[in-house]
Protein chains: 4
Amino acid sequence: MNSPQPGRPRDDRIDHAVPAAVRALLAEVGYGRFTVDQVAARAGVGKAAIYRRFGSKAEMVFASAVHDVDTGPVTDTGRLESDLRALICQVHDIMDTPAARVALPALIEALTADDTLRERLTDTFLASELADVREICERAHARGELADHVDVELAHLLITGPLIAALFVFHLPVGEQLLDEIAHSVYLTLTPTSCERLASPETR
Amino acid sequence: MNSPQPGRPRDDRIDHAVPAAVRALLAEVGYGRFTVDQVAARAGVGKAAIYRRFGSKAEMVFASAVHDVDTGPVTDTGRLESDLRALICQVHDIMDTPAARVALPALIEALTADDTLRERLTDTFLASELADVREICERAHARGELADHVDVELAHLLITGPLIAALFVFHLPVGEQLLDEIAHSVYLTLTPTSCERLASPETR
Amino acid sequence: MNSPQPGRPRDDRIDHAVPAAVRALLAEVGYGRFTVDQVAARAGVGKAAIYRRFGSKAEMVFASAVHDVDTGPVTDTGRLESDLRALICQVHDIMDTPAARVALPALIEALTADDTLRERLTDTFLASELADVREICERAHARGELADHVDVELAHLLITGPLIAALFVFHLPVGEQLLDEIAHSVYLTLTPTSCERLASPETR
Amino acid sequence: MNSPQPGRPRDDRIDHAVPAAVRALLAEVGYGRFTVDQVAARAGVGKAAIYRRFGSKAEMVFASAVHDVDTGPVTDTGRLESDLRALICQVHDIMDTPAARVALPALIEALTADDTLRERLTDTFLASELADVREICERAHARGELADHVDVELAHLLITGPLIAALFVFHLPVGEQLLDEIAHSVYLTLTPTSCERLASPETR
DNA sequence: GAATAAACGAGACGGTACGTCGCGTCTTAAG
DNA sequence: CTTAAGACGCGACGTACCGTCTCGTTTATTC
């Protein structure tokens, strides 16, 4: 019926070799002195094979660096703060890969000029993270830990922002304690303080 | 005594004209389609004069983008939360310049490869902001709003991180309300929760 | 057997278009205000394609200026003096091209520093001209016009020297009469003088 | 009367040091990789002092290379051929200086673009050499060796041409024998052959 | 002797061309 | 129809040199 299409099929090994070479080179030389020809040579591949798969250098880097960000479902710890803590840890693990440490800054740079890339990021990474935050909040609301209307986008910024700043801008060491503190900060921000709850429980 | 130095001195007007041209061009065409020749032409200057001052295109851009970050003293509003709000606004004003919106992502990218640049950023921008945060906290402590030991670096991350993420990564609109919310979040994180205050009012 | 060589082959049209553009530009603007970018633009070619063929601007110019010096066999007029006249005319035609008038002085300059270039000139142009002179002399000898041992290199200098001096050093107009006179001078120099012939007519 | 003019007078040492540096550098690196800044450094002099004396790099080189070409009167040997031989030797001595071997090719190159330079050369070097040739011919005519009307310009080309070609184009060794042969060739060309004189003494 | 005026070393300046490098496309022959 | 190899057009890069200009200093003549 449908002939699997004529001609030589694409080589699956290339689909793996190229992103691997990209990550290796990113870790070695960074994004600045990073060349498509180098990637081709390293992967033992022609440039045409690369450009048949990726529309541009930026796309190639982006697709190669964040190749398996399907983080799976958010672990349910039973309490809001530790759920947040788990999510933050998950995000951190994605960002602190050797390849990601150089690819994400490059991605940030590329985003300023490339609207398509920006849209794609919004639709995939951002959407998925917002969904995760929303899920956590809904679970907390179901448990009565949280009011029904929380600003999910704000929460997302409070979670990712400090991580991005620490990792990619100020290049500070990011330890467990910092993740705890960020989680606690978000928790405090999302939950009405005891004081408010005690003082005016009916105002809401 | 010691002759100031032989030869024709550097032209002061160029020292101003080049960064101005850089900022204008960054705002107009972005970092991607940004040319040293364009800068030279715009500034009415030869390329040699530029490369005599900056080692590379990147250095020129970064040195030009953050030209007057000496934001002066932090306004004292009398209350911690509004002090934080003012500081956040200050930081935001620096970052939301047309030139900065395109230069800072490029700077972030460059930081991953250039240790010197990283040090320079740490010693200037980061140090100055940490000092600002510290000053605000000390004033709050003097007023009795704050415990004596607060994590200034954490506070700094909580302030700048969400701004950076919103402006440069997710390209979200940053309005007054968001600045309010960030300030509130930092305030909540720094101050002991009501609950704790209620539980141990005499510890002060 | 041996694969002709991998990859895209050099474009033959460029091999012709570039020298043509060089000659056109040399004739138009001279060697002084002559730009590689202009050549590239005129030939509809990238600079890389040029530098893939020629190691430098100078190489490109010289290789382009003397593109078809294979002047074919020397015309046989049946008499030594008119043979010489024909050869001188041939040499003059090569040197008085618009392109050659500006390229050859530059070539002369380059020869002082570049041994390789010098060798190449010796092996091609000089060798070919010496062969021509030798052929003419041998024909004359066969006809009995000439003694058997003539100094071919001297003859060559006497032919080309005045042309070079007139065209490239003193920039004098070179008309038919001058060519006649040079030919006559060489003829006189090569042939035994009448005096000698009168004195010893039987030596032949 | 004429005040020797106010202000600091020009430094005589510079007038000597610069041409000396030019000749040294020409001999060392040739004209191609020859820099005005190098000359200034070598002579221990500022560039302004150079450009106050010479209008351009080409002028400087030209004036420095042929600085003492006042060859004095032509020796009178009593016979035309040896007079020619002496003149050729004089010309050769000028051209075969280490500095001249690189400066003259550069001068030849410069002549194609610079009309002023060409005029200057014509008015000085060429005029002086033509005068020399003319003087020799007149002496020969007075002695009865020569007819009254000889083509002085042709003679000049026949003298200088082969020298220029040998020295600057083909870079052949120029020995005493070659000078002899050139002199003989010119002699033959200038003097009517015995045959002609014998055959038709009255045709002239 | 002070003022003037030109020349000096040093080196920055505008301009222009150089030769290199990278991107993304195209063109071969081979599979 | 894909592949490896590599040439292609384009365009920016950073360097080099020219000839000019500005400094502060030095050296002579003129008031």
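Please read all numbers here as calculations on a predicted model, not as lab measurements.
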Base, sugar-phosphate, or nothing for [X], non-hydrogen atoms under 4.0 angstrom?
X: R53(D); value: sugar-phosphate
X: R33(C); value: nothing
X: G55(D); value: nothing
X: F34(C); value: sugar-phosphate

(Q) Taking atom types as they are modelled, would you say the side chain of K47(C) forms a donor-acceptor pair with the base of dG9(F) within the 3.5 Å cutoff? (A)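 It does not, because no donor-acceptor pair links the side chain of K47(C) to the base of dG9(F) below 3.5 Å.
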(Q) Could you check whether the side chain of R8(B) and the base of dC21(F) have a donor-acceptor pair of N or O atoms closer than 3.5 Å, going by distance alone? (A)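 Counting by modelled atom types and ignoring angles, a donor-acceptor contact under 3.5 Å is found here.
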Expressed in angstrom and rounded to an integer, what is the separation of [X] atom [atom1] from [N] atom [atom2]?
X: Q5(C); N: dT27(E); atom1: CD; atom2: C1'; result: 13 Å
X: E59(B); N: dC13(F); atom1: CD; atom2: C1'; result: 15 Å
X: I14(B); N: dC21(F); atom1: CD1; atom2: C1'; result: 12 Å
X: R13(A); N: dT3(F); atom1: CZ; atom2: P; result: 10 Å
X: Q38(A); N: dC23(E); atom1: CD; atom2: P; result: 8 Å
X: D37(C); N: dC13(F); atom1: CG; atom2: P; result: 15 Å
X: D11(A); N: dA4(F); atom1: CG; atom2: P; result: 7 Å
X: F54(C); N: dC18(E); atom1: CZ; atom2: C1'; result: 17 Å

**Q.** Along DNA chain F (nearest heavy atom to each residue), the more 5'-positioned of G44(C) and P9(B)
**A.**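 Here G44(C) is the residue nearer the 5' end.
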Where the side chain of [X] is defined as all heavy atoms beyond and including C-beta, which of [options] is the nearest nucleotide?
X: A48(C); options: dG9(E), dC8(E), dC10(F); result: dC10(F)
X: T35(C); options: dA12(E), dG9(E), dA17(E); result: dA17(E)
X: R10(B); options: dC23(E), dA12(E), dG9(F); result: dA12(E)

Closer than 3.5 angstrom, by distance alone: can the side chain of [X] be matched with the main-chain N or O of [Y] as a donor-acceptor pair?
X: R118(D); Y: L111(D); value: yes
X: R23(B); Y: S64(B); value: yes
X: Q38(B); Y: T35(B); value: yes

Q. For S56(C) and Y51(A), take the nucleotide of DNA chain E holding the closest heavy atom to each; which residue's nucleotide lies nearer the 5' end?
A.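 Its nucleotide being nearer the 5' end, the pick is S56(C).
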Q. Between V36(A) and R52(B), which has a closest nucleotide on DNA chain E that is more 5'?
A.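 This one resolves to R52(B).
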Q. Ion pair present between R53(B) and D15(B), side-chain N to carboxylate O less than 4.0 angstrom?
A.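 Here R53(B) pairs with D15(B) in a salt bridge, since their nearest N and O are under 4.0 Å apart.
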Q: Compute both the distance and the angle, then confirm whether K57(A) meets the cation-pi test with F34(A): under 6.0 Å from the six-membered ring centre, within 45 degrees of the axis.
A: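 The answer is no; the distance or angle limit is not met.
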